[in-house]
2 protein chains.
Amino acid sequence: MAIKKQRAVRRTDALSKERIVEAAIEILDTDGEGALTFRALAARLATGSGAIYWHVANKDDLLAAATNDVIARVMAGLAQGARPREAIRALALGLFDAIDVHPWVGTQLSRAPWLAAIPQIFEGFGSRLEGLGVPEEAQFDATSTLVIHVLGVAGQNAANARLLAHRTDRTAFLGEIAQQWAQLDPARYPFVHRVAAQLPEHDDREQFLAGIDLILGGIEAAHPGPSART
Amino acid sequence: MAIKKQRAVRRTDALSKERIVEAAIEILDTDGEGALTFRALAARLATGSGAIYWHVANKDDLLAAATNDVIARVMAGLAQGARPREAIRALALGLFDAIDVHPWVGTQLSRAPWLAAIPQIFEGFGSRLEGLGVPEEAQFDATSTLVIHVLGVAGQNAANARLLAHRTDRTAFLGEIAQQWAQLDPARYPFVHRVAAQLPEHDDREQFLAGIDLILGGIEAAHPGPSART
DNA sequence: ACCTGAACACCGTTCAAGT
DNA sequence: ACCTGAACACCGTTCAAGT
């Protein structure tokens, strides 16, 4: 009982945007997008909901800051000096994995293209195309296609996560969708029928990467350049 | 003044899911995603907000039905019998244009992969890959990549529309983003700097199609098949 | 069977009042 | 300068009561 007085909860530091964003990320990660409210955030920070507005303009601002944090961490964690094609794949996978862990980032990225996180992603892909032999006039379209692929998958993964929050089993959930697809008229949906069986067992990450490789293949086919020997 | 009595508002027909969805689409198209509330919808239909729940499970159900309507119309309007590559491009452009007119469809598609609209889109792309010479094992990944591209662009366009709702000029808005990009550190963001100038003047539709062509190029490069003479 | 509309629970955001 | 927390305006959804 006579131990040195333990610091109570953590009301020592003053409130700051940093601490608010940190707490928001914790709520988003553990309880999902729906759980982030100013009331919940205020409770966790042991303050009033209005206090948060002193450091943060509004909820969009808060979510943007949280998203930037996660993306900046991905960019910082990237290995340097890889060959362009490998660097592009590593960046894509890094983003995929980050969004897999923080599905709410997917929602944000696909809802707000003016986010500060977007130019970071653009730069990450675009600056490596030079090394792939893509001429300057073609770099904008090629980069945009890679970025759109990442954002597109991000949005879908976030949607899946939103749904899986209410359910236990992922395979069972995909199985239900597969069953719905299998119940469509086979005459009108022959392809969907064939693919339905692959749905529950397919690996999102591998399919994402297959898409990146398809796009890279298209880029290289359109611009046969020096690095053809990947 | 003595003209035949005009039908008052339109309270003749009983309420139905069809009429509710129709009214919802009108609100979404004219006043944007934020304007669709059960109160606004009830007012337009001259009924109580609770009445809507007799025909529609909840707001998600309503939005799903509205989205399916728009997508089904795109599928129905497609020309028959085109060669596979042209058919795929036409489908992609049809979806792009529909989402351009109804940006809220973009939000829905990128938020809800279990929508009934999704297998329609899957079928539209997937069933044409056979004719491109893509072997069966590769069709799932290739289709998914095309669908993701459509959904990814859909989400971004919807986000842009949400922002442009509060503003008048599109070019001015893109100009502001371009300016933000141009203000980033040129040493760390050389590519973003180069691309910023192209941002305000670039054509979203053309860039979308360039992405589709890049993906198709990658598909054909991976599976050099019978239809190489496109 | 279908509709009405008040009531409920819950948001984001504001703001007068405190320190 | 920064924090508190009640109050405001507005949601989606429910439900007892009507026809």
Side-chain angles (χ1 to χ4, degrees), chain A residues 7-28 30-67 104 107-108 111-112 115 159 162-163 165-166, chain B residues 8-28 31-67 104 107-108 111-112 115 159 162-163 165-166:
Chain A
R7 191 156 285 178
V9 201
R10 58 140 58 200
R11 213 51 254 273
T12 1
D13 350 318
L15 219 48
S16 68
K17 184 159 183 177
E18 230 170 32
R19 276 193 58 218
I20 293 172
V21 170
E22 185 190 336
I25 291 179
E26 284 170 21
I27 293 178
L28 288 163
T30 42
D31 301 322
E33 304 178 49
L36 182 65
T37 67
F38 277 80
R39 276 163 247 261
L41 195 53
R44 174 178 284 246
L45 291 166
T47 181
S49 61
I52 299 169
Y53 281 89
W54 186 262
H55 302 274
V56 148
N58 51 40
K59 196 172 183 179
D60 279 344
D61 181 30
L62 175 60
L63 284 165
T67 304
W104 50 272
T107 306
Q108 282 314 111
R111 278 179 52 97
L115 278 180
R162 233 170 354 242
L163 229 77
H166 306 289
Chain B
V9 201
R10 58 139 59 196
R11 211 50 252 273
T12 1
D13 349 321
L15 219 48
S16 69
K17 183 159 184 176
E18 230 171 31
R19 277 193 56 218
I20 291 170
V21 169
E22 185 190 337
I25 291 179
E26 285 169 21
I27 293 178
L28 288 162
D31 301 322
E33 304 178 51
L36 182 66
T37 68
F38 277 80
R39 276 162 247 261
L41 194 54
R44 175 178 284 245
L45 292 165
T47 182
S49 61
I52 299 170
Y53 282 89
W54 186 262
H55 301 275
V56 147
N58 50 39
K59 195 171 183 181
D60 280 344
D61 181 32
L62 175 59
L63 283 165
T67 303
W104 50 273
T107 306
Q108 282 314 109
R111 278 180 52 98
L115 278 180
R162 230 168 1 240
L163 229 77
H166 305 290

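All of these numbers come straight from a predicted model, not from anything done at the bench. No hydrogens, no waters, no symmetry mates; every other heavy atom, side chains included, goes into these values. Order of the sequence lines fixes the chain letters, A, B, ..., with proteins taken first and strands second; residue numbering starts at 1 for each chain.
- Between Lys59(A) atom NZ and dT14(C) atom C1' the separation is 17 Å, expressed in whole Å.
- In terms of phosphate contacts, Trp54(B) brings no side-chain nitrogen or oxygen within less than 4.0 Å of OP1 or OP2 of dC3(C).
- For Leu45(A) and dC2(D), the CG to P distance is 16 Å, given to the nearest whole Å.
- dC11(D) atom P lies 12 Å from atom CZ of Phe38(B), rounded to whole Å.
- In this entry the distance linking CG of Leu41(B) with P of dC11(D) reads 13 Å, nearest Å.
- Looking at heavy atoms from C-beta onward, Arg162(A) lies in side-chain contact with Arg111(B) at the 4.5 angstrom threshold.
- Pairing for dA17(D) is absent, judged as Watson-Crick or G-U wobble with the two contacts each under 3.5 Å.
- Atom P of nucleotide dA7(D) and atom CZ of Arg39(A) are separated by 13 Å, given to the nearest angstrom.
- For the atom pair Arg19(B) CZ and Arg44(B) CZ, the distance stands at 11.0 Å (nearest 0.5 Å).
- Residue Thr37(B) has its side chain nearest to dC11(D) when only dC11(D), dG12(C), dC3(C) are considered.
- Residue-to-nucleotide proximity on DNA chain C shows that, of Gly50(A) and Gly34(A), the 5′-proximal contact is made by Gly34(A).
- Tyr53(A) has its OH atom 17 Å from the C1' atom of dA16(C), to the nearest Å.
- In this entry dC3(D) has no Watson-Crick or G-U wobble partner, no candidate having both defining distances under 3.5 Å.
- Both distances falling under 3.5 Å, in either a Watson-Crick or a G-U wobble arrangement, occur for no nucleotide opposite dC10(D).
- Across the protein-nucleic acid pair, Asn58(B) atom CG and dC10(C) atom C1' stand 17 Å apart, rounded to whole Å.
- Across all strands, Leu36(B) comes closer than 4.0 Å only to sugar-phosphate atoms, never to a base (heavy-atom distances).
- A straight line from CD1 of Ile52(A) to P of dG5(D) spans 13 Å, rounded to a whole angstrom.
- Of the charged side-chain nitrogens involved, at least one lies within less than 4.0 Å of a carboxylate oxygen, so that Asp61(B) and Lys17(B) count as a salt-bridged pair.
- Residues Leu41(B) and Leu62(B) have side chains in contact (heavy-atom distance under 4.5 Å, counting atoms from C-beta outward).
- With Arg39(B) contributing its side chain and Ser49(B) its backbone, the two residues share no donor-acceptor pair below 3.5 Å.
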